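Everything numeric in this text was worked out from a predicted model, so none of it was measured. Note on naming: letters A, B, ... go to the chains in the order of the sequence lines (proteins, then strands), and numbering restarts at 1 for each one.
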Number of protein chains: 2
Amino acid sequence: MNKSFVSADDVAKRAGVSRSAVSRTFTPGASVSEETRQRVMEAADALGYHVNQLARGLMRSESGIVCLVVSEMDTPYRARLVRALTHELQTAGKIAMLINTDRSDGSVDGALRQTLHYRADASILLSGLPDKAITRLCLNSGQRIVLINRDDDIEGPFRINLDDGQAARVAVSAFLRAGCRRLAFANSDVGTPSLMARERGFIAAAAEFGLEVMVVRHGNTVYESGRKIAQTLFTEPKRPDAVFCVNDLMALGLMDGAKHDFGLHIPEDLCVVGFDDIEQSAWTSYSLTTFSQPVDEIVKSSVAWLQSEATTGGVRSVSLHAPLIWRKTIRHKSVGA
Amino acid sequence: MNKSFVSADDVAKRAGVSRSAVSRTFTPGASVSEETRQRVMEAADALGYHVNQLARGLMRSESGIVCLVVSEMDTPYRARLVRALTHELQTAGKIAMLINTDRSDGSVDGALRQTLHYRADASILLSGLPDKAITRLCLNSGQRIVLINRDDDIEGPFRINLDDGQAARVAVSAFLRAGCRRLAFANSDVGTPSLMARERGFIAAAAEFGLEVMVVRHGNTVYESGRKIAQTLFTEPKRPDAVFCVNDLMALGLMDGAKHDFGLHIPEDLCVVGFDDIEQSAWTSYSLTTFSQPVDEIVKSSVAWLQSEATTGGVRSVSLHAPLIWRKTIRHKSVGA
DNA sequence: CGCCTTTTTGCAAGCGTGTGCAAAAGTTTC
DNA sequence: GAAACTTTTGCACACGCTTGCAAAAAGGCG
């Protein structure tokens, strides 16, 4: 009664076997006779025994813990990714530790240090760029690292990225086909690699057609910033007729600004394309045409890489395709032409 | 080089002290002279030493792990709660394990079993109702349990709830003041206690004024269900002029249905109130008047209770107030009267 | 300096588990 | 039935840490 957790010893005593037998019963692939296994299982059930993963992690090299390092995790896209990741990890027999890097102090570096405290097998970073020293520390400790959508030149982690440049190119040609000529790009000033890749790609693709792009960067990558950008963009003398927003949240904010503050009609007066394909983009009030994040593929390939044996060599980086989901914010034919 | 993790032994050797000294250096409140502490710290930094929390959790009664049991965690309200919880837990020196109960097999019970595997100090349940046997098992193992918004009669866990009934009452009187007389209630058929409490409260409050309520329940507590309910509600011969939606997502779906499928104007033709005050409700396209989940209070009181010493006696339940946030989906004066 | 009190330190015994190794038990073959 | 083999089992050590206990060191006081 007093002893809160029941240990393998207790089970062994009750089943009349050695503690090793108990351990082996719960270790897949170990050598136990069917009879003793039965006896052990029975005793374990009766006592409510669970193997202590902490202790197991102490012996084995693997703890079964995978850390997810995330900031602003209530953002629709991030939340979806976290949900999918935890699910996939669980079906792979691992468990997710969630590290919130919202606060400014130390942030990502501190988070990675935490992952070491708990001897995580791996860390998956959805936000922030870790210091190289810390990254190396993790790698040296035998930890695996996955970077999602944050390409950089660190050697060692597995990197998953989207073909942002290609997507930007598709956006430009979609706009052109719709008869748009005054292109704009709405970005935050966060400056994450993937966001900047979209910006560069868009500008480059437009340049191929001899078009310049109005670029506006503002605040965080959120709805409010989109609204704000609408204010500056649509008071310009030459109001753009097409905006590629670096992310859906900003696109939705920009659309609301365009509609309610400027009375613009979408897609007649203005075409908009976003990125992420969050749930809200499909809502009737928006019906945003946007690039879809291949969340399932991202998750599958992350977890698959974590499972893979080869720690050296092998693939170190994957680039996935983000298809354009056609809804109603790009008109199909040129207007007035 | 080969040895991946550096242990306290290594540090001790390098600093020329015993392993106990190292341990004590990293244990707040232990007795170490300032001189040895310095030496140890120096050696630890040089080697990149971190206390192994798994091993520490083995000795101490506390592992520092708190499990969050959630399903559909990409739902805006859930995501916000998870974000706030992880943040608060981290500042309290604890770490969050995230258990996803989306899949049907075993679900919550299996999740709680997982929490035992990792010797979690506590579990916070945001979704699902655990089997009583499992709950008891957790409690017997010295684990603390917090139930958020899922009141039931289980003895032992700490329960946080909102005054759903009171909120429903406020909604009714707000509708009446706006001149609405044909009230409706939009619910999912999930049947969670708090959702049902809102329904009962709304019906009861309406009855006090001699009004009947059209209740529609459909599917899950999501946007799509709201749209579906709009279909059934606004094709009725006596179309309601006020709808209390059990949750914001459903309210937004219902509004989109009302506007785009039936051309209704809000709040002139129809008043709507939601619950949760998710970010999207403040978006210009919706401006939903809704009850605000006191997320900060929920989180603070949860974590505070986890920290509190008294395991027996003390408060076992808290009821928080959800204030009505006035936006634009309830008109201020009666129309046409 | 001797005695007493306080602080610091090392020893060793745990915590609950996995696993190599050798002994024991069981199985096959002649 | 003995020999050769395979399977099962228990012992004991390891994992990395905390902590009670007693010895050692340091400090205080007459």
_B:Asp121 bridged to B:Lys94 by N-O distance under 4.0 Å_ =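 Salt bridge present between B:Asp121 and B:Lys94.
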Going by salt bridge (charged side-chain N to carboxylate O under 4.0 Å, His left out), name the residues that satisfy it together with [X], two or more places apart in sequence or in a different chain.
X: A:Arg83; answer: B:Asp74, B:Asp102
X: B:Arg19; answer: B:Asp9
X: B:Glu35; answer: B:Arg39
X: B:Lys300; answer: B:Glu88

*Map every base of DNA chain C to its dot-bracket character, where paired means a Watson-Crick or G-U wobble contact with both distances under 3.5 Å and | marks a partner outside the strand.*
||||||||||||||||||||||||||||||
_Any donor-acceptor pair under 3.5 Å linking the side-chain atoms of A:Ser33 with those of A:Thr36?_
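Result is yes, a qualifying pair exists.
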*asked:* I'd like to know if the side chain of B:Gln53 pairs up with that of B:Ser63 as donor and acceptor (distance under 3.5 Å, no hydrogens or angles considered).
replied: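 Side chains of B:Gln53 and B:Ser63: no pair found under 3.5 Å.
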*asked:* Ring of B:Phe158, cation from B:Arg144 - is the NZ or CZ under 6.0 Å from the centre and inside 45° of the axis?
replied: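 No.
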Separation of atom [atom1] in [X] from atom [atom2] in [N], rounded to whole Å:
X: B:His117; N: C:dT17; atom1: NE2; atom2: P; result: 11 Å
X: A:Tyr118; N: D:dC17; atom1: OH; atom2: C1'; result: 14 Å
X: B:Asp9; N: D:dC17; atom1: CG; atom2: P; result: 8 Å

*Does any N or O in the side chain of B:Arg316 come within less than 3.5 Å of the main-chain N or O of B:Gly156, such that one atom is a donor and the other an acceptor?*
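Answer holds: yes.
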*asked:* Taking ring-ring contact (aromatic ring centres under 6.0 Å, His included) as the cut-off, I'd like each qualifying pair that reaches into residues 14-41 of chain A, sequence neighbours left out, listed once.
replied: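 Passing the test, one end in residues 14-41 of chain A: A:Phe26-A:Tyr49.
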*Going by the ring-ring contact (aromatic ring centres under 6.0 Å, His included) test, which pairs reach into residues 126-151 of chain A, not counting sequence neighbours?*
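For residues 126-151 of chain A, and leaving out neighbouring residues, there are no ring-ring contact (aromatic ring centres under 6.0 Å, His included) pairs at all.
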*Using a heavy-atom cut-off of under 4.0 Å over every strand shown, decide if B:Ser31 touches base, sugar-phosphate, or nothing.*
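Counting heavy atoms under 4.0 Å across all strands, the contact made by B:Ser31 includes a base.
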*So which of residues 37-67 of chain A are in contact with DNA chain D, with a heavy-atom cut-off of under 4.0 Å?*
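A:Leu58, A:Met59 - these, ordered by number, are the residues of the stretch whose heavy atoms sit under 4.0 Å from the strand.
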*In chain order, what residues pass the side chain to side chain contact (heavy atoms under 4.5 Å, CB included) check against A:Glu42, with sequence neighbours excluded?*
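Checked A:Glu42 against side chain to side chain contact (heavy atoms under 4.5 Å, CB included); zero matches.
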*Counting just side-chain N and O atoms, does A:Thr36 come under 4.0 Å of either OP1 or OP2 of D:dT9?*
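Yes, within the criterion.
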*Mapping B:Glu34 and B:Arg119 onto DNA chain C by nearest heavy atom, which one lands closer to the 5' end?*
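First, find each residue's nearest nucleotide; the 5'-ward one identifies B:Glu34.
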*asked:* Which residues pass the side-chain hydrogen bond (donor to acceptor under 3.5 Å, both in side chains) test with A:Thr86, not counting sequence neighbours?
replied: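 Residues passing side-chain hydrogen bond (donor to acceptor under 3.5 Å, both in side chains) with A:Thr86: B:Asn100.
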*Hey, can you pull the residues of residues 13-24 of chain A with a non-hydrogen atom under 4.0 angstrom from DNA chain C?*
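Close to the strand are A:Arg19, A:Ser20, A:Ser23, A:Arg24.
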Distances under 3.5 Å between protein N/O atoms and the N/O atoms of nucleotides 23-28 of chain C, please, pair by pair.
none

